[in-house]
*Asks:* 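Dropping the structure in here first, questions after.
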Amino acid sequence: MSEAFGGPHGAPVSDRVPVLRLGDVLLVTLQGDLHDSTAQQLQDDLAEAIVRSGATGVIMDISGVEIVDSFLGRVLAEIAGQTDLLAARTVVVGMRPAVAITLVELGLTLPGVHTALNTEVAMELLTGQALSSRFRGLRRETQ
C-alpha cells in the first residue's frame, strides 16, 4: 500500500517534495536543486509523515540530483538526525559517482546517514529482510 503525504490534511502541494508511504517506509525522491524553503518544508513534512504513519524508515533517493553542495549535505544530515530522534532510520540511495566524489572533496561527512546502492537494498535493510551478503551495498557514515 502506498500513500502520499503533502499539504494540510495530506493534500498534495506542487512546490513540495512528495513523501510516499510504502508499508513502514517513507520514500522521498529529490529531483534537481533543493532550495532553502523547499528543504525546510521537506523536513517538516517528513517529520509529520513519520509521526502520523509510524514509519520506521526513510529512503532518500538522490539519483535526480546532479550536484551536491554543503547545503544539501547539511540537509541530508539534518533529516537523518531528525528521523533518528523519531525512531526511524534514513538510507540515502542513488548517489552518483560525481556526487560521492564532491562530498569527499568538500570534506563532508553525513553522520547518521546510511547509504545503499539502490532502493531495493535500502527496502530490504529497513524492513529487516536483508541477508548478510546484501550488506555489502550498505554503508553507515560515522563521525
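Predicted model, so just to flag it, every value in this text is computed and none were measured. Note that the numbering runs from 1 along the sequence shown for the chain.
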*Asks:* Side chains of Val92 and Leu110, heavy atoms from C-beta outward: is any pair under 4.5 Å?
*Replies:* no
*Asks:* Check the pair Leu76, Glu78 against side chain to side chain contact (heavy atoms under 4.5 Å, CB included), reporting the backbone distance first and the verdict last.
*Replies:* CA-CA 5 Å; Leu76 292 174; Glu78 286 176 2; over 6 Å; no
*Asks:* Quick check: do Ile79 and Leu46 have side-chain heavy atoms less than 4.5 Å from each other?
*Replies:* yes
*Asks:* Regarding Arg16 and Asp45, does a basic nitrogen lie under 4.0 Å from an acidic carboxylate oxygen?
*Replies:* yes
*Asks:* How long is the gap from CG on Leu42 to CG on Leu30, to the nearest 0.5 Å?
*Replies:* 6.5 Å
*Asks:* Should Val17 and Val51 be regarded as members of a common hydrophobic cluster, given that ILVMFWY residues are connected when their side-chain heavy atoms come within less than 4.5 Å of each other, either directly or indirectly?
*Replies:* yes
*Asks:* Check whether any side-chain heavy atom of Val65 lies under 4.5 Å from a side-chain heavy atom of Asp33, and answer yes or no.
*Replies:* no
*Asks:* Assess, by modelled atom type and distance only, whether the side chains of Gln40 and Asp44 contain a donor and an acceptor separated by less than 3.5 Å.
*Replies:* yes
*Asks:* Other residues, nucleotides and ligands only: do more than 12 of their heavy atoms fall within 6.0 Å of CG on Leu106?
*Replies:* yes
*Asks:* So do the side chains of Val104 and Ile101 get within less than 4.5 Å of each other, counting heavy atoms only?
*Replies:* no
*Asks:* Identify the heavy atoms of Val68 and Gly73 that sit nearest to each other, and give their distance.
*Replies:* CG1-N, 4.2 Å
*Asks:* Rounded to the nearest 0.5 Å, how far does CG of Leu103 lie from OG1 of Thr109?
*Replies:* 9.5 Å
*Asks:* On a heavy-atom basis, which atom in Val75 and which in Ala39 lie closest, and how many Å separate them?
*Replies:* CG2-CB, 3.9 Å
*Asks:* State, to 0.1 Å, how close Gln31 and Gly64 come at their nearest heavy-atom pair, and which atoms those are.
*Replies:* OE1-CA, 3.8 Å
*Asks:* Please determine which of Ile62, Leu117, Asp61 meets the side-chain contact (heavy atoms from CB on, under 4.5 Å) test together with Val93.
*Replies:* Asp61
*Asks:* Nearest heavy-atom pair of Val113 and Ala80: which atoms, and what distance?
*Replies:* CG2-CB, 3.5 Å
*Asks:* Check whether any side-chain heavy atom of Met60 sits under 4.5 Å from a side-chain heavy atom of Thr83, and report yes or no.
*Replies:* no
*Asks:* Please name the pair of heavy atoms, one in Ala77 and one in Pro111, separated by the smallest distance, quoted to 0.1 Å.
*Replies:* CB-CD, 4.3 Å
*Asks:* Any side-chain to backbone donor/acceptor pair from Asp84 onto Ala87? Under 3.5 Å, distance only.
*Replies:* no
*Asks:* Side-chain contact, heavy-atom cut-off 4.5 Å: Leu26 with Leu20?
*Replies:* no
*Asks:* Under 4.5 Å between any side-chain heavy atoms of Val25 and Ile59, yes or no?
*Replies:* yes
*Asks:* Can a donor-acceptor pair be found, under 3.5 Å and without considering hydrogens, that links the side chain of Gln82 to the backbone of Gln43?
*Replies:* yes
*Asks:* Quick one: CG on Leu125 to OG1 on Thr115, what's the gap to the nearest 0.5 Å?
*Replies:* 10.0 Å
*Asks:* Any idea which heavy atoms bring Ser63 and Arg96 closest together, and the distance?
*Replies:* O-NH2, 2.7 Å
*Asks:* Kindly compute the distance separating OG (Ser53) from CG (Asp24), expressed to the nearest 0.5 Å.
*Replies:* 8.0 Å
*Asks:* To the nearest 0.5 Å, what is the distance between CZ (Phe71) and CG (Leu108)?
*Replies:* 13.0 Å
*Asks:* Just by modelled atom types, is the Val58 backbone N or O under 3.5 Å from a matching donor or acceptor in the Arg89 side chain?
*Replies:* no
